[in-house]
Engineer: 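Would you mind keeping the following structure in view while I ask a few things?
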Amino acid sequence: MPAAISRNWPAPAKLNLFLHINGRRADGYHELQTLFQFIDCCDMLDFKVTETPELILHSNMSGVVADSDNLILRAAKSLQQTTGFKGGAEIWLDKRLPMGGGLGGGSSDAATTLVALNTLWHTQLLTEELARIGLKLGADIPVFIHGFAAFAEGVGERLQAVNPSEPWYLVIAPDAHVSTAEVFQDPLLPRDTPKLAIDTLMSQPWANDCQKLVVSKYPQVAKALGWLLEYAPSRMTGTGACVFGEFTQQQQALAALAKLPSEMQGFVAQGMNISPLITRLNHP
Ligand SMILES: C[C@](O)(CO)[C@H](O)COP(=O)(O)OP(=O)(O)OC[C@H]1O[C@@H](n2ccc(N)nc2=O)[C@H](O)[C@@H]1O
Ligand SMILES: Nc1ncnc2c1ncn2[C@@H]1O[C@H](COP(=O)(O)OP(=O)(O)OP(=O)(O)O)[C@@H](O)[C@H]1O
């Protein structure tokens, strides 16, 4: 009897509602203070458990990412190696999130793969153990595994659950692929924002320390942000390229989307403090 396919595992995008860079560590990574919130725009994954250890990925991804580099296969392989699980999986990815956009799409795909296979393979690692595996693959993966909006420190692995408002966002994805590594290696990146207490951070205006540099290097980002600021308080997420404007009502966000210049790509999504992955995990 062939194994059934377990369908519709969501991999949500995230926004960094603020992103402060406090310094550079000896290992080259940067110490951050950031506020992660999910949005209801997701990649979707299906999984079928197989008896052989092979890992097979079918995807509609546009940008060419070699299988060996794909974070989904790297995550599945890490779980096999950590647990000694002898079987494998066939995985289907419906890629919907823009890549290299600061929305954490690849990181989220990896997190959903770890959470889904940990259940389907019955390896039953604890969430903290899955987050430790994820951190080795990317700084953004732990927050997707825990699945709650969080104030994050360290490189993004020290998480404290928070419950900010869940507004509507108009997200614009400029036609630019910004390398996270390139931004963090730029000598012009500010790296000296003082560490502040979470209460102070949550009550002051929110900003992204990477924004000025990326806006200066990518005219498409500058143009998208300039347009969006006419409609709502707006800023960049992660290391870019995506920018997001915040609206109280969905109708306001949709009205702005209707006026988006034809050369820009955008979508409306709502902030989510509980990841749809957690909801899927609790409703197998
Ligand atoms: C900036 C954020 O988008 C905020 O959410 C994330 O921290 C980035 O997380 P990510 O995309 O998973 O980044 P990774 O793939 O782990 O790292 C890519 C590269 O960015 C640099 N990097 C990343 C995170 C960090 N805290 N400091 C860094 O210096 C490192 O050179 C690293 O090699
Ligand atoms: N399944 C995947 N989906 C998207 N990108 C992937 C995937 N696997 C590997 N990658 C590679 O990882 C890179 C970063 O992916 P990701 O989408 O996480 O970054 P991002 O959108 O810039 O978000 P952030 O920088 O905030 O993590 C991509 O540019 C791509 O080259």
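One is the number of the first residue; the rest follow in order along the sequence. Counting convention: from 1, in listed order, for ligands and their atoms alike. Source: prediction; values computed, not measured. Values below: all heavy atoms of this structure, side chains included; hydrogens, waters and symmetry mates excluded.
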Engineer: Going by the atom numbers of ligand 1, which of them fall below 4.0 Å from some non-hydrogen atom of F36?
Structural biologist: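 In order of number, 5 (O).
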Engineer: Pick whichever of D209, V143, T180 has a heavy atom sitting closest to atom 13 (O) of ligand 1.
Structural biologist: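 Nearest heavy atom to atom 13 (O) of ligand 1 lies in T180.
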Engineer: Mind checking whether T239 has an N or O less than 3.5 Å away from an N or O of ligand 1?
Structural biologist: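 No: no nitrogen or oxygen of T239 is under 3.5 Å from one in ligand 1.
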Engineer: Below 4.0 angstrom from a heavy atom of M99, which ligand 2 atoms are there? Numbered from 1 as shown, please.
Structural biologist: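 Those of ligand 2 that fall under 4.0 Å from M99 are 4 (C), 5 (N), 30 (C).
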Engineer: Only counting residues at least two apart or in another chain, list the ones meeting ring-ring contact (aromatic ring centres under 6.0 Å, His included) with Y29.
Structural biologist: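 Here no residue qualifies.
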Engineer: Heavy atoms only, cut-off 4.0 Å: how does S107 contact ligand 1, side chain, backbone, both, or neither?
Structural biologist: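 It is the side chain that touches ligand 1; the backbone stays farther off.
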Engineer: State the atoms of ligand 1, each with its element, that fall below the 4.0 Å cut-off from a heavy-atom position in G28.
Structural biologist: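 Counting atoms of ligand 1 from 1, those under 4.0 Å from G28 are 29 (O).
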Engineer: Are any of the N or O atoms of G105 closer than 3.5 Å to those of ligand 2?
Structural biologist: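 Yes; the residue has a nitrogen or oxygen that sits under 3.5 Å from a nitrogen or oxygen of the ligand.
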Engineer: Could you label the plane-to-plane angle of the F38 and F144 rings as parallel, tilted or perpendicular, counting under 30° as parallel and over 60° as perpendicular?
Structural biologist: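 Correct class here is tilted.
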Engineer: Show me which atoms of ligand 2 lie under 4.0 Å from any heavy atom of H177.
Structural biologist: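 With H177 as reference, the close atoms of ligand 2 come out as 29 (O).
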Engineer: Examine the proximity of ligand 1 to I141 and report which part, side chain or backbone, both or neither, has a heavy atom under 4.0 Å away.
Structural biologist: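 I141 to ligand 1: no contact under 4.0 Å from either part.
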Engineer: Flag G104 as yes when one of its N or O atoms lies below 3.5 Å from any N or O atom of ligand 2, and as no otherwise.
Structural biologist: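 Right, the criterion is met.
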Engineer: Just let me know how L71 lines up against ligand 2, side chain, backbone, both or neither, with a heavy-atom cut-off below 4.0 Å.
Structural biologist: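 Both backbone and side chain.
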Engineer: Is the shortest N/O to N/O distance between S107 and ligand 2 below 3.5 Å?
Structural biologist: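 Indeed, backbone or side chain, S107 has an N or O that close.
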Engineer: Please list, in number order, the atoms of ligand 1 under 4.0 Å from a heavy atom of V155.
Structural biologist: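 What qualifies from ligand 1 is 7 (O), 26 (N).
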Engineer: Is the closest basic N to carboxylate O distance between K136 and E157 below 4.0 Å?
Structural biologist: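 Result for this pair is no, no salt bridge flagged.
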Engineer: Are any of the N/O atoms on D69, whether in the backbone or the side chain, positioned under 3.5 angstrom from an N/O atom of ligand 2?
Structural biologist: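 The answer is no, given that D69 and ligand 2 share no N or O pair closer than 3.5 Å.
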Engineer: Show me which atoms of ligand 2 lie under 4.0 Å from any heavy atom of T180.
Structural biologist: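 Result: 25 (O).
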Engineer: Quick test of your reading of the structure: of N16, D109, V178, L45, whose heavy atom lies closest to atom 1 (N) of ligand 2?
Structural biologist: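 Among N16, D109, V178, L45, the closest heavy atom to atom 1 (N) of ligand 2 comes from D109.
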Engineer: Would F184 count as being in polar contact with ligand 1, using the rule that some N or O on each side must be under 3.5 angstrom apart?
Structural biologist: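 So ligand 1 has no N or O lying under 3.5 Å from an N or O of F184.
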Engineer: With heavy atoms of K14 as the reference, note each atom of ligand 2 found under 4.0 Å away.
Structural biologist: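 In order of numbering, the contacting atoms are 26 (O).
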Engineer: Which pairs count as side-chain hydrogen bond (donor to acceptor under 3.5 Å, both in side chains) when at least one residue sits in residues 76-88, sequence neighbours excluded?
Structural biologist: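 Matches after skipping sequence neighbours: none remain.
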Engineer: Identify which of T34, T237, D140 has a heavy atom lying nearest to atom 24 (P) of ligand 2.
Structural biologist: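 The option holding the nearest heavy atom is D140.
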Engineer: Any N or O on M61 sitting closer than 3.5 Å to an N or O of ligand 2?
Structural biologist: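 No - when backbone and side-chain N and O of M61 are compared with those of ligand 2, no distance drops under 3.5 Å.
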Engineer: Check whether any heavy atom of R74 sits under 4.0 Å from an atom of ligand 2.
Structural biologist: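 It does not; every heavy atom stays at 4.0 Å or beyond.
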Engineer: I need the minimum non-hydrogen distance between E182 and S179, along with the two atoms involved.
Structural biologist: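 For E182 versus S179, the nearest heavy atoms are N-OG, 2.9 Å.
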Engineer: Can you list the atoms of ligand 1 that are under 4.0 Å from a heavy atom of G138?
Structural biologist: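 Per the distance check, 12 (O), 16 (O).
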Engineer: Would you say Q204 has more than 12 foreign heavy atoms packed within less than 6.0 Å of its CD?
Structural biologist: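 It does: Q204 CD has more than 12 such atoms within range.
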Engineer: May I ask you to list the atoms of ligand 1 that are less than 4.0 angstrom from any heavy atom of K14?
Structural biologist: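 The list of qualifying atoms is 3 (O), 5 (O).
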Engineer: Kindly confirm or rule out an N or O of G106 lying under 3.5 angstrom from an N or O of ligand 2.
Structural biologist: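 Between G106 and ligand 2, an N or O pair is found under 3.5 Å apart.
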Engineer: Identify the two heavy atoms, one from K14 and one from G238, that lie closest to each other, and give their separation to 0.1 Å.
Structural biologist: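 Smallest interatomic distance, heavy atoms only, reads NZ-CA, 4.0 Å.
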Engineer: Looking at ligand 1, would T34 count as a contact under a 4.0 Å heavy-atom criterion?
Structural biologist: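 No, T34 has no heavy atoms under 4.0 Å from ligand 1.
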Engineer: Backbone or side chain, does any N or O of G238 fall under 3.5 Å from an N or O of ligand 2?
Structural biologist: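 No, G238 has no N/O under 3.5 Å of an N/O on ligand 2.
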